Amino acid sequence: MNNASSEQSALLGVALGGTISVAAADGNFDLWDSIVGISLLVILWAFDHHPDGSWKVGLAFASVYGLSWVITVGVLIDAAIEPDTSQPPYTLEALLSIAVWTVFTIAIYLWRGWRRR
C-alpha cells in the first residue's frame, strides 16, 4: 500500500470513528469523548505526512482534525456553556478510567518500541 492510499484510509477511518462517536453520544460530551478525540488526533497526526497535497485532501484533513478537536475539548465547552454545579464535574470512576487508559496507552507504546529493537 503506498503512502497516499494509506493516508486516505487513515483519514477515512478517523472520519468514520469521529462521526460514529458524535452520532452515538447521548447528551453532553464526557471524558470518554475526550479519549476518543485524543485517539483520533493521534491517528491523524501519524498519517498526515504531505501538507503539500491537493486542496481537497487538505480540506478533508482540516475538516476531520476540526471534528476531532471538538470531540476532544467538547467536555470543556459544555462546562463553559452550561456549568452543572449540582454534582462534581467528574466521578471517581471516570477519572480512574482515564488513568487506566493512559497507563495502557503508555505501556503499549513503550512495549512496541522495545519490540522493535
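Side-chain atoms are counted along with the backbone in the values below, which use heavy atoms only and exclude waters and symmetry mates. Just so we're clear, the structure is a prediction, and the values are computed from it rather than from any experiment. We're numbering straight along the sequence, starting at 1.
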S.K.: Could you check whether any side-chain N or O of Ser63 sits under 3.5 Å from a backbone N or O of Leu59, counting only pairs where one atom can act as donor and the other as acceptor?
M.R.: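 Answer holds: no.
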S.K.: Less than 3.5 Å apart, which donor and acceptor atoms pair up between the side chains of residues 70-81 and the rest of the protein, not counting sequence neighbours?
M.R.:
unit_1	atom_1	unit_2	atom_2	d
Thr72	OG1	Gly37	O	3.3
Thr72	OG1	Ile38	N	3.3
Thr72	OG1	Ser68	O	2.8
Asp78	OD2	Phe29	N	2.6

S.K.: Distance from Trp111 atom CH2 to Phe104 atom CZ, nearest 0.5 Å?
M.R.: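 Trp111 CH2 to Phe104 CZ: 13.0 Å, rounded to 0.5 Å.
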S.K.: Say you draw a straight line from CH2 of Trp101 to OG of Ser39; how long is it, rounded to the nearest 0.5 Å?
M.R.: 4.5 Å
S.K.: With sequence neighbours excluded, tell me which residues meet side-chain contact (heavy atoms from CB on, under 4.5 Å) with Thr102.
M.R.: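 Thr102 satisfies side-chain contact (heavy atoms from CB on, under 4.5 Å) with Ile98, Ile106 only.
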